[in-house]
Number of protein chains: 2
Amino acid sequence: MSEVHVTRRARLRERCEAQGGPAGAALITLPANIRYLTGCAPAGPAALLLTPEPRDVLLGSPDTTAAVTDESLRGSVLPVTRGDPAAAAGELAAGAGVDTLAVEEHHLTVARHRALADAAPRLRLTGLACAVEQQRLVKDEEEISALRVSAEMTDHALGELLESILVGRTERHLALELERRLIDHGAEGPAFPTSVATGSHAGIPGHRPTDRRVEEGDFLSVCLGARYRGYRCQIGRTFVIGTAPATWQIELYDLVFAAQRAGREALTPGTEYRAVDRATRHVLDAAGYSDALDPSTGHGVGLEFREDPRLCPDAMGKLDACVPVTVEPGVHLPGRGGVRIDDTLVVRPQADGGPELLTITTKELLAL
Amino acid sequence: MSEVHVTRRARLRERCEAQGGPAGAALITLPANIRYLTGCAPAGPAALLLTPEPRDVLLGSPDTTAAVTDESLRGSVLPVTRGDPAAAAGELAAGAGVDTLAVEEHHLTVARHRALADAAPRLRLTGLACAVEQQRLVKDEEEISALRVSAEMTDHALGELLESILVGRTERHLALELERRLIDHGAEGPAFPTSVATGSHAGIPGHRPTDRRVEEGDFLSVCLGARYRGYRCQIGRTFVIGTAPATWQIELYDLVFAAQRAGREALTPGTEYRAVDRATRHVLDAAGYSDALDPSTGHGVGLEFREDPRLCPDAMGKLDACVPVTVEPGVHLPGRGGVRIDDTLVVRPQADGGPELLTITTKELLAL
């Protein structure tokens, strides 16, 4: 893994040098960005200093620095037991002759930024913007493999649940059981809080499980994902409880399914983010559900559960190959319930067979 | 609950007026602080604007503003679907004739602070420091009741686990089972990630459960807590697996127990935070374990899992009555394991019977 991280840091350094000149350096504090660049998931506040020299230093709690496995960083870790690692990094940079330091202003608080400025008053602080997040957008094959494993675990956990008796069990219990099964299959944990929604709750995005029990005739929607090596996928499915779905349930399901398929089929390199959202949204809009819709119909996944790109009407940018995203439309009818269908896919050129579906659990409407 | 929140906001407003003058206002963005002042747990970024008028406004996602149950805030919520609620609050304050706005610089990022300044350029931004956290330090009886319930749930969950077979099960599974039991007993969820550590892992603070299985002769240390109405307690216990503990296990356990008792007995109103830490730490130091010790031996609990006060050597301040804290010394011997014993207690005057122990599971060394 070391080499991967060295390469990633080199790419970021080039970018910083292009912006900050020969005496510019960058300070990374966002945990997922530190993990991407070092392989180390920080325990508590941490800071990665990239200097042009190049000599990169990871500063953090003794727990963080002790957990570094990246050979290239061994000997370049600095345990900080008192005060802010970002401030300590500032002192270090100033001492090394750095004159400009680009920081993650979307992550550093005003107070931490001030502590850094106070610790290194001669250092000019600029913004790194979301340079690391942009670099994280397109995944390498190692990252996609991790996502593939996380999707397999998720499919298994969901498949097992479907074989068990559901009627009479609460949303909370089903969510916990799904999380236990994820771990049984080797996940580090859930990628995000597992959502189980039944009856009138079904179809609410990000519904937090309650003590409501599954009943005959309910829509049941679940949304879960495994975390594997830090990578997080997402699957969402909706089922009907009982022997046969009602007509309105079949119609609503077919509609959301058609919207989700339209979104999946729009996932080609070069397509605008907003065009993918429009493809999905148009189907639901045309059926008169524009008011019931979420602000976005999908998002990127990776070391964070929700990352760029956002698939929504005002998103700027175009899809690249090897970008994993979710396509997750849903409709919720207050008092009645609703449907959500979420998949995680990797954008691939048509020549390579088009989008790669990672979450392969069936999307037929199952009556359980 | 409404009245409680109105009173809390009034107290904070008085403090702000004392500092910011008649045209000063405060902007609260830290989620636990918003919950303390409104009863509403924000979904996503949110901002609570306290103006001297007094007219308080809660800004946040439609999910957040829809969840407001506080009567006194009804009609004073503003759903924000685009951009930062903090920036929207700044515009609102400027429009209402506010000239100084105190913000939570330890929570707002540099980028959000700039968005706020850009949205309301004539507003003078100052720091609120940790005014709300300071107000949260001493709990009212309603808060202590919530902590008491959370401790009961935690004791029950732990008690049930001790009645089951432990040998052969993994740390991960035991942690999940504890979390399931917390929810069975009515908890909203775990107060923090449940830690289960066996064998050589036992006694490591905040150990993340692995696939290591419980074996005969192991020390097994667990640390868990329930979340109830947002309030979080903590209990930690260490057990021995098998028929009888080894001599070194008994000795180490007795030592940590003595340290923990010394800490508990030091919990009287007026005692310095550092004196409580010293009482605990001294016992372990005197036995030669100074290197194996954590930087702190306890902390406050409430709406956040770790809050003020910190019980550590450089903490400034003195205990008040009605402050709930943990006392949680531990010793970990690399390669062998170790012992942790954690309780949550409420500081009470001697006249009222001294510290109130919330987590009542036995601290005898049990062989399971």
Side-chain angles (χ1 to χ4, degrees), chain A residues 29-30 41 43-44 61-63 66-67 81-84 103-117 125-130 170-173 175-184 186-190 193-194 204-211 294-295 306 312-314, chain B residues 29-30 41 43-44 61-63 67 81-84 103-117 125-130 170-173 175-184 186-190 193-194 204-211 294-295 306 312-314 334:
Chain A
T29 49
L30 188 98
S61 68
D63 282 356
T81 52
R82 195 177 279 257
D84 188 341
V103 302
E104 296 190 299
E105 295 180 335
H106 61 298
H107 178 252
L108 270 191
T109 63
V110 175
R112 293 186 72 188
H113 191 267
R114 184 177 303 136
L116 169 56
L125 298 180
T126 61
L128 184 63
C130 292
T170 68
E171 293 173 352
R172 273 188 223 263
H173 270 109
L176 276 167
E177 179 168 336
L178 282 167
E179 295 190 353
R180 185 179 62 76
R181 289 186 186 278
L182 288 176
I183 287 176
D184 280 345
E188 291 160 357
T194 299
I204 298 177
H207 174 73
R208 295 187 203 169
T210 71
D211 288 327
D294 303 335
R306 260 173 225 280
C312 59
D314 59 356
Chain B
T29 49
L30 188 98
S61 68
D63 282 356
T81 53
R82 196 177 279 257
D84 188 340
V103 303
E104 296 190 299
E105 296 180 335
H106 61 298
H107 178 253
L108 270 192
T109 63
V110 175
R112 292 186 73 189
H113 192 267
R114 185 176 302 136
L116 169 55
L125 298 180
T126 62
L128 184 63
C130 292
T170 69
E171 292 173 352
R172 273 189 223 262
H173 269 108
L176 276 168
E177 180 168 336
L178 282 167
E179 295 189 354
R180 185 178 63 75
R181 289 185 186 276
L182 289 175
I183 286 176
D184 280 346
E188 291 160 357
T194 299
I204 298 177
H207 173 73
R208 296 186 202 172
T210 70
D211 289 327
D294 303 335
R306 259 173 226 279
C312 58
D314 58 357

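All figures in this text were calculated on a predicted structure; none of them were measured in a lab. Each chain gets a letter, A, B and so on, in the order its sequence line appears, and its residues count up from 1.
Ranking B/Asp314, B/Val103, B/Leu108 against chain A, the residue ahead of the rest is B/Leu108, based on heavy-atom pairs under 4.5 Å. Ranked by non-hydrogen atom pairs under 4.5 Å with chain B, the options A/Arg208, A/Arg82, A/Glu104, A/Glu179 are led by A/Arg82.
No part of A/Ala115 comes within reach of chain B, as not one of its non-hydrogen atoms sits under 4.5 angstrom from that chain. Looking at B/Asp211, neither its backbone nor its side chain comes within 4.5 Å of chain A, counting heavy atoms on both sides.
Closest approach of A/Arg172 and B/Ala187 over heavy atoms only: NH1-O, 3.7 Å. Heavy-atom minimum distance, A/Ile183 versus B/Leu176: CD1-CD1, 3.5 Å.
Partners of A/His113 according to the ring-ring contact (aromatic ring centres under 6.0 Å, His included) rule, which considers only residues two or more places apart in sequence or in another chain, do not exist here. Partners of B/His173 under the side-chain contact (heavy atoms from CB on, under 4.5 Å) rule, at least two apart in sequence or in another chain, are A/Arg180, A/Asp184, B/Thr170.
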